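Note sheet for the following structure.
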Amino acid sequence: MSTFVQVLLNGTGRGAIYALLALGFVVIYKSTEVINFAHGSLALFGGYIVFALKPTLGWLGAAVCGVLAAAALAVLIERVLLARAKLASQDSLAILTIGVDILILTEITRRLGTASAPFLGDPYQDVRLRFLGATIEGPELFALLTAIVLIGGFFVAFRFSTWGLTMRAQSENKEAAALMGIRSWRVTASAWALGGALAAIAILFIATLPVAGGAGLTAAHTIAFAAFPAAILGGLTSPGGAVVGGLVVGLAESSASQYIDNDFAKVAVYLVMLVVLVARPSGLFGKVEQVRV
Amino acid sequence: MLKIENVSVRYGRAVQALHDVSFDVADGEVVAVLGSNGAGKSTLLRAISATLALHRGTVTSGSVTLDGTRLDTLDPAAIVRRRLMQVPEGRQVFGRMTVEENLRVGGLAAEPKRRAAAKARVHELFPVLADRSAQPAGLLSGGEQQMLAIGRALMCDPVVLLLDEPSLGLAPQLIQRIGRIVTEINAGGTAVVLVEQNASMALQVSHRAVVLEVGRLALAGSSAELAASEDVQRLYLGGHADDAHETDAPARPRRILSAWKG
Ligand SMILES: Nc1ncnc2c1ncn2[C@@H]1O[C@H](COP(=O)(O)OP(=O)(O)OP(=O)(O)O)[C@@H](O)[C@H]1O
Ligand SMILES: [Mg+2]
């Protein structure tokens, strides 16, 4: 029983992290229809900034700077690379983001070197909560709480605020949105900024011992990659689907590592994705394209 | 006030969709734009609203001005802020959003303190939108969607309203109703550019009309003049004024304009 509860707790904690990543990914996809393969690098970049600034600014100051920096980098990628290549297809833009990803990953890996495996998670490193005979570690606990607050806030804003209205209008019909005076670049930039910020928030929890194991920040990019199956599971265009997808991925991973083994856990995520896609090609919450003629 | 001067438009390299089109729309006037499929009517409205880029088109020469301000150098949002609104071809309501949310989007560019009054007016013009306010717009009927599309544009209290084939696909009674609505909107002081294939309705509600033929301005004049002219009779009204519904138009395969007697 307590093992099962432990699996659930770990899965939900990790799932919360994936949900943050996948939500940002989906928001970016909804606004630009570009699959942002650089999402893991955005996270890593934020984490690197936190790591670099922590000695001078302390954890909180560095975390704020890291999140802002990742948001800024996301906007920069969109403005400088994607917005300029206006006539390129969405697919070639996605390939462009692979290039960006490799660039950022290589540079940060070079800067980090191989000597140490930096961790970020000071304030909650030693927090532990016992629950029905199981333990939830600080990073996972805080990830869960943060995700609940941020994702809840996102859905309220998406549904009711003017920003949410413009986001939804633009993702549904670009031309009609433009004809209503919505400035598409603002919507797009805000979506990328949000995606970058959520990725950097996720990494605050990833680059910790319980989540990343011994590799710390260095492993973060690989771990963040699980946001793709999470988002795809959810149907790519559905924010709610991204959150559910994140949880599914987290739970698949934690149960596979508990009941099978650690290496299989990494694969399990993708297996679940394949099974879901075979059963429902447009994802759990994806809308089947309906074209009215 | 709205002045279109020598506008030429191209899509990509090959398609020249408009050649040297010029006409004016005076304050508070209704101008009908007639023409068969592919004549360039929607292209003309896109050139005015600066949405050509979304269709990979560009204005290659000429200018569009509203009260002396060049519009062709502005982006669509800036044009909307000058209260020139377009209701695009095919309604294009936000189907996944509610009727209420569609109207909210329409009012985004309006001054906040004017929004309540604009909404009251829209609900007065289209009571059905008040009844259906919580319903997803995609579930409305075609006619209701057209009313929503027009209502959404009116949320900005436009000085100029561009309508692209509002009667398309609607039943005769509804077409007549759209005609009355255009007159009503115009009575509030809004100038209207009414693109229509339904020439008889358009000529009834407009003061002046222009006819586009394969990207060129072929005819222009007062609506009464055009309604009486032989060419328009034959090509767009399907016969002679008195017995339009009885006489078949001469077979000319390129013209497929519908005639409607309201
Ligand atoms: N995106 C585009 N790319 C290339 N050519 C286009 C594009 N849009 C329109 N055209 C061409 O430009 C010409 C004018 O098209 P437009 O849509 O303006 O006609 P229209 O008068 O609105 O026709 P309809 O009554 O069918 O709506 C047509 O020959 C059309 O094929
Ligand atoms: Mg058209």
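Worth knowing before you read on, the calculation uses all heavy atoms, side chains too, and leaves out hydrogens, waters and symmetry mates. Chain A is the first sequence line, chain B the second, and so forth, proteins listed ahead of strands; every chain is numbered from 1. Because the structure is a prediction, the values reported are computed rather than measured.
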Of the listed residues (B/A109, B/A78, B/G95), which shares the most heavy-atom pairs with chain A below a 4.5 Å separation? B/G95
Check each atom of B/V87 against the heavy atoms of chain A and say whether the ones under 4.5 Å are side chain, backbone, both or neither. neither
For the candidates A/A178, A/S184, A/G181, which exhibits the highest count of non-hydrogen atom pairs separated by less than 4.5 Å from chain B? A/G181
Given B/D75, B/L54, B/V105, the one with more heavy-atom pairs under 4.5 angstrom with chain A than any other is B/V105
Segment of A/R186 engaging chain B (4.5 angstrom heavy-atom cut-off): neither
Can any side-chain N or O of B/Q92 pair as donor or acceptor with the backbone N or O of A/N173 at less than 3.5 Å? no
Applying a strict 4.5 Å limit to non-hydrogen atoms, the region of B/R104 in contact with chain A is both
Contacting region of B/M97 [heavy-atom separation from chain A under 4.5 Å]: both
Rounded to the nearest 0.5 Å, how far does CZ of A/R168 lie from CD of B/E101? 4.0 Å
Testing B/L45, B/L162, B/I79, B/T51 for side-chain contact (heavy atoms from CB on, under 4.5 Å) with A/L179, which one passes? B/T51
Working to the nearest 0.5 angstrom, can you tell me the gap between A/Q170 CD and B/F94 CZ? 9.5 Å
Surrounding NZ of A/K30 (heavy atoms of other residues, nucleotides or ligands, distance under 6.0 Å), is the total greater than 12? yes
Closest heavy-atom pair, A/M180 versus B/Q86, reported as atoms and distance to 0.1 Å, is CE-O, 4.4 Å
